[in-house]
Amino acid sequence: MAENLDLFEVNKLFILGRPIVSIFHNDSNMYSIVRVKIQETNLQYNEKEIIVVGYFPKLNDDELYRFTGTMKSHPKYGLQFQVETFVKEVPATEQGIIHYLSSDLFPGIGRKTAEIIVEKLGVDAIKKIMEDPEALDAVPRLNEEKKMTIKQTLEQNLGLEKIMIQLNDWGFGPQLAMKIYQTYREETIHLLTENPYRLIEDVEGVGFGRADELGARLGIVGAHPDRIKAAVLHVLTDAALSEGHVFLDAEHVLPHVKTMLEQSQREEIQYEAISKAIIEMREESKICGEETRLYLPSLYYSEIGIASKILDLLNHNDKQERFTKDEIRKAIGEVEERLEVSYAETQVKAIECALNSSVMILTGGPGTGKTTVIRGLVEVYAELHGLSLNPKEYAQKEEPFPIVLAAPTGRAAKRLAESTELPAMTIHRLLGFNGQEKEEETEREVEGRLIIIDEMSMVDTWLAHQLLKSLGEDAQVVFVGDQDQLPPVGPGQVLKDLLASKQIPTVELIDVYRQAEGSTIIELAHQIKKGNIPNTIAEKTTDRSFIKASAPQVASVVTQVVKSAIAKGQSIRDIQVLAPMYKGPAGIDMLNKQIQELVNPNADGSRKELVFGDVVYRIGDKVLQLVNQPESNIFNGDMGEVVAIIRAKETVEKQDLLVVSYDGNEVTYQRGDLNQITLAYCCSIHKSQGSEFQTVIMPIVRSYSKMLRRNLLYTGITRAKNFLILCGEPDVFAGGLAKTDDLQRLTSLKARLNPMEVEDLEIVEVQSDSLKHENQSESKISGEVKEQQAMFYMKGEVLEPVLNAETAPYIHPLIGMEGVSPYDFQED
DNA sequence: CTGTAATA
């Protein structure tokens with residue numbers, strides 16, 4: 001029998017106890033750390049006190065709470081109890097209530113009084129008082145003051161339950177209700193009755209539909225301004241999140257809002273009412289408007305912020321410490337010698353350009369050596385500035401490392417760190433995000449003089465703004481990326497817009513180094529980039545093939561392919577299956593499971609396993625770390641291998657343990673930490689961007705359709721160095737290829753950088769010198785930006801939103817649509 | 001539906 005350590009056999013753990021001291025409490029997100037004196041528990045835990053961690057409001061000393069949750073071990077602070085739910089324990093015995101009422105919580109109430117109350121009202125005393133404040137009148141010899149004390153204290157302390165009951169009544173489940181309570185606390189009922197639509201903005205997980213239901217219950221119906229405004233925000237947010245738009249045209253917003261409102265409640269809404277609401281929102285700064293474009297404020301100010309910072313940097317160009325061509329060439333020569341590499345002419349140009357610009361873009365397709373240039377740039381920069389590249393030296397002197405490397409995903413950051421042998425991190429970590437604060441709140445300045453951002457195509461408008469905002473005055477920034485690869489998950493297309501503006505010095509690498517000469521993968525990639533399906537797609541070539549398979553077959557076909565690749569002598573580490581999404585029968589989770597069964601099976605059930613949710617871990621499994629854990633020196637993106645599974649009875653803590661080795665750094669996970677890792681046989685295409693693999697296997701099935709796009713296919717395919725195996729349905733592949741969101745993302749960043757139609761910058765043709773590469777072609781380097789152009793940047797006065805009551809016609813539904821009736825917008 | 005982030 002398998003030595004399964006099943007999660008589901010574990011009983012729900014609880015602690016009944018009183019807080020002794022609050023160690024930490026974050027008022028904005030309720031994250032709390034409290035030392036609790038245990039009164040009762042079903043934990044295997046012998047101490048009298050325990051550290052309790054979780055999201056809950058300030059607790060009262062001396063009151064009894066019931067926590068449920070799990071035990072976990074913090075790498076630095078040891079064993080703790082992670083709270084999932086908590087409730088105040090209302091005393092259920094006469095003695096308990098007497099003790100409770102006579103405690104310090106109720107000043108002026110002594111034991112005698114408490115006894116009398118219980119005598120008169122019974123064990124239900126507290127419930128009775130909460131339900132009916134008059135109940136205390138039945139108690140003799142209790143003056144008004146004392147009655148008030150009791151009522152108020154109970155109200156304050158048990159108010160949570162009351163609010164929860166109301167929220168449940170309004171249709172919110174316990175989890176969501178807690179989240180809502182954490183947001184509004186005592187004010188919950190009051191604020192929601194006033195405007196239920198605030199939930200959409202304030203509480204994640206509540207959408208327009210949910211809020212509108214509550215609105216209807218509270219009598220906010222039809223053309224109520226709050227209702228219309230909520231719908232407008234919803235339409236803009238939805239466009240930003242699902243389609244990547246930074247703004248929408250008013251003429252598009254109006255019919256959209258109308259339809260939405262009329263679908264939710266069957267009452268006709270006039271366009272005039274929507275126009276009026278939009279103007280008001282503009283005045284209240286709930287949205288921003290420019291000509292007929294409507295923006296969410298965060299996106300509007302982000303875009304302006306990006307443009308302004310970029311132009312500042314361009315203006316700053318002259319003040320940078322410059323190097324002559326000779327100095328740079330000499331330094332490059334030295335670096336080439338030391339690293340035993342030889343840079344192509346374009347690569348040298350790129351390094352030169354980066355050294356002498358405040359901001360520049362390094363672009364080029366997959367495998368063109370962008371990473372090589374980053375490595376070289378860092379070395380040459382250090383050489384020229386006489387800097388050490390040993391991070392330890394800076395740590396000793398407590399000085400910031402002068403070169404900052406960052407990328408938008410953990411895996412890409414890891415890859416960057418590996419290829420440069422320097423510290424690299426996610427942009428989020430660089431900026432000190434903690435996952436809680438509202439945008440605009442981080443004010444960290446990035447210390448470092450050379451900032452290199454890799455995989456810039458995946459950086460959205462919000463993040464780009466935060467990043468640029470945090471750069472120092474004299475920073476030099478290099479954006480590295482490929483606009484044909486994945487766009488951001490969030491709104492905008494910053495890299496694409498920056499390139500399209502032609503305002504920023506740019507070097508494009510063209511020669512392909514990753515794949516071998518004559519690779520048909522490259523040929524396929526070129527076709528895909530253009531949107532063509534080569535007629536050779538179904539043909540098997542030396543380095544790629546397309547195996548037709550129906551959706552239900554695909555998972556088993558993928559595993560068969562993995563199996564035969566291994567049979568041909570490839571290592572599982574060199575084989576990577578890539579898929580767009582996690583869920584579903586051909587999703588990443590399922591594929592991981594199937595591949596694991598094949599390459600690391602437990603057929604006879606004799607091996608040790610650790611079961612966590614749907615995942616089984618065995619020794620030898622390839623895993624991926626998903627969150628940062630500086631305490632253990634592991635970070636999002638690290639890949640490791642399971643080296644040990646230790647069962648609860650074999651450990652001191654009586655906990656199941658899983659040990660993963662990250663290049664020799666062994667990290668121990670408890671059950672509660674296992675959500676930090678995942679199997680890594682198959683990973684998302686998003687995470688794979690930046691990496692390369694000997695063999696890539698890509699399933700393509702209809703269930704992926706929502707996500708399939710040309711740049712996703714392109715990114716996945718170009719990860720393959722030697723072999724590419726596509727499996728699935730050719731027509732689905734064709735459908736994905738036809739979908740581009742290039743021109744569909746509405747943004748105005750390019751326009752902000754190009755306020756006037758400027759003539760195209762001179763393009764300097766550079767002859768590539770890498771004759772050894774067959775597929776060479778010319779490379780382009782656009783000239784430096786003239787200062788004059790940068791000065792055309794529109795400051796506030798030009799960009800001042802023009803939407804107000806006087807310019808209302810701008811957002812009239814019929815703008816630009818003469819002869820069209822509003823009813824033409826109504827579908828069906 | 002893809003990505004990121006943590007407090008003593």
Side-chain angles (χ1 to χ4, degrees), chain A residues 21-35 51-56 72 74-80 82 204 238 240-244 406-414 425-439 441-442 444 453-464 466-467 485-492 494 578-584 586-589 624-632 635-637 673 675-676 678 682-690 701-709 711-713 715-716 736 739 741:
Chain A
V21 57
S22 167
I23 297 171
F24 179 83
H25 179 77
N26 179 337
D27 232 9
S28 61
N29 68 12
M30 300 280 175
Y31 181 74
S32 310
I33 304 168
V34 180
R35 181 181 292 277
I51 303 289
V52 163
V53 180
Y55 296 88
F56 41 82
K72 67 162 204 173
H74 189 283
K76 194 163 153 197
Y77 302 104
L79 277 185
Q80 303 181 327
Q82 179 76 49
E204 202 193 319
D238 193 53
L241 296 181
S242 64
E243 286 165 77
T409 72
R411 195 56 211 147
K414 181 69 186 175
M425 58 188 110
T426 60
I427 300 171
H428 303 77
R429 189 168 155 75
L430 175 68
L431 298 178
F433 287 4
N434 62 21
Q436 290 297 338
E437 71 244 324
K438 301 238 156 74
E439 322 117 47
E441 271 175 25
T442 38
R444 178 186 288 201
I453 306 297
D454 200 4
E455 302 303 346
M456 187 62 190
S457 71
M458 292 199 283
V459 175
D460 68 33
T461 300
W462 288 313
L463 188 60
Q466 299 286 351
L467 172 69
Q485 290 188 53
L486 292 171
V489 172
V494 177
L578 298 177
M581 52 201 269
Y582 290 92
K583 302 272 175 268
I588 295 165
D589 294 336
L624 178 67
Q625 170 78 15
L626 298 169
V627 297
N628 294 328
Q629 265 252 23
E631 308 284 359
S632 318
F635 298 89
N636 182 351
D673 306 327
N675 54 359
Q676 297 179 2
T678 179
C682 176
C683 87
S684 73
I685 299 181
H686 274 80
K687 283 202 180 107
S688 79
Q689 182 162 323
V701 293
R702 199 165 305 279
S703 58
Y704 297 165
S705 291
K706 263 186 195 159
M707 290 217 63
L708 288 181
R709 252 160 252 277
N711 40 23
L712 188 96
L713 292 168
T715 302
K739 260 203 272 177
D741 62 3

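Remember, it's a predicted structure, so these values are computed and weren't measured experimentally. To find a chain, count down the sequence lines: A is the first, B the second, and so on, and within it residues start at 1.
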Enquirer: How long is the line joining CG of A/D589 and C1' of B/dT2, in whole Å?
Expert: 13 Å
Enquirer: Look at A/K583 and B/dC1 and indicate whether a side-chain polar atom (N or O) is within less than 4.0 Å of OP1 or OP2.
Expert: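 So the side-chain polar atoms of A/K583 never come under 4.0 Å of the phosphate oxygens OP1 or OP2 of B/dC1.
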Enquirer: State, with a plain yes or no, whether a side-chain heavy atom of A/L467 is found less than 4.5 Å away from one of A/V459.
Expert: no
Enquirer: At under 4.0 Å, does any side-chain N or O of A/S242 touch on OP1 or OP2 of B/dC1?
Expert: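 Indeed not, no polar side-chain atom of A/S242 lies that close.
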Enquirer: It should be established whether A/R429 places a side-chain nitrogen or oxygen under 4.0 Å from OP1 or OP2 of nucleotide B/dA6.
Expert: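 For B/dA6, OP1/OP2 do have a side-chain N/O of A/R429 under 4.0 Å.
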Enquirer: Under the salt bridge (charged side-chain N to carboxylate O under 4.0 Å, His left out) test, which residues partner A/D589, sequence neighbours left out?
Expert: A/K583
Enquirer: Does A/E631 make a side-chain donor-acceptor contact with the base of B/dA6, cut-off 3.5 Å?
Expert: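 Looking at the base of B/dA6, it does not pair with any donor or acceptor on the side chain of A/E631 (distance under 3.5 Å).
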Enquirer: Of A/P630 and A/Y582, whose nearest nucleotide on DNA chain B comes first from the 5' end?
Expert: A/Y582
Enquirer: Using atom CG of A/N636 as one end and atom P of B/dA5 as the other, report the distance to the nearest whole Å.
Expert: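 Computing the A/N636:CG to B/dA5:P distance gives 5 Å.
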Enquirer: Need one value for A/K687: base, sugar-phosphate or nothing, where a base atom within 4.0 Å counts as base even if backbone is also close, heavy atoms only.
Expert: sugar-phosphate
Enquirer: Between atom CG in A/L708 and atom C1' in B/dC1, what is the gap in whole Å?
Expert: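 Between C1' of B/dC1 and CG of A/L708: 11 Å.
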Enquirer: Looking only at the side chain of A/Y31 (C-beta and beyond, no hydrogens), which of the listed nucleotides B/dA8, B/dT2, B/dT7 gets closest?
Expert: B/dT7
Enquirer: How many whole angstroms separate atom CG of A/L626 from atom C1' of B/dA5?
Expert: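 Roughly 13 Å, once rounded to whole Å.
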Enquirer: A/F433 CZ to B/dG3 P: how many Å, rounded?
Expert: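 A/F433 atom CZ is separated from B/dG3 atom P by 18 Å.
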Enquirer: Taking only N and O in the side chain of A/T426, is any of them less than 4.0 Å away from OP1 or OP2 of B/dA5?
Expert: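 Yes, such a contact exists.
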Enquirer: Just call it for A/Q80: base, sugar-phosphate, or nothing, with non-hydrogen atoms closer than 4.0 Å on any strand.
Expert: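 A/Q80: base contact, heavy atoms under 4.0 Å.
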Enquirer: I want to verify a distance call: between B/dG3, B/dA8, B/dC1, whose nearest atom is closest to the A/I33 side chain?
Expert: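 For the A/I33 side chain, the nearest candidate turns out to be B/dA8.
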Enquirer: Looking at A/Y77, does any N or O in its side chain come under 4.0 Å of the phosphate oxygens OP1/OP2 on B/dT7?
Expert: no
Enquirer: Measure the shortest side-chain to side-chain distance between A/N711 and A/Q485 over non-hydrogen atoms and say whether it is less than 4.5 angstrom.
Expert: no
Enquirer: Indicate, with a heavy-atom threshold strictly under 4.0 Å, whether A/G410 touches base, sugar-phosphate, or nothing.
Expert: sugar-phosphate
Enquirer: Using the test ring-ring contact (aromatic ring centres under 6.0 Å, His included), find all partners of A/F24 that sit at least two apart in sequence or belong to another chain.
Expert: none
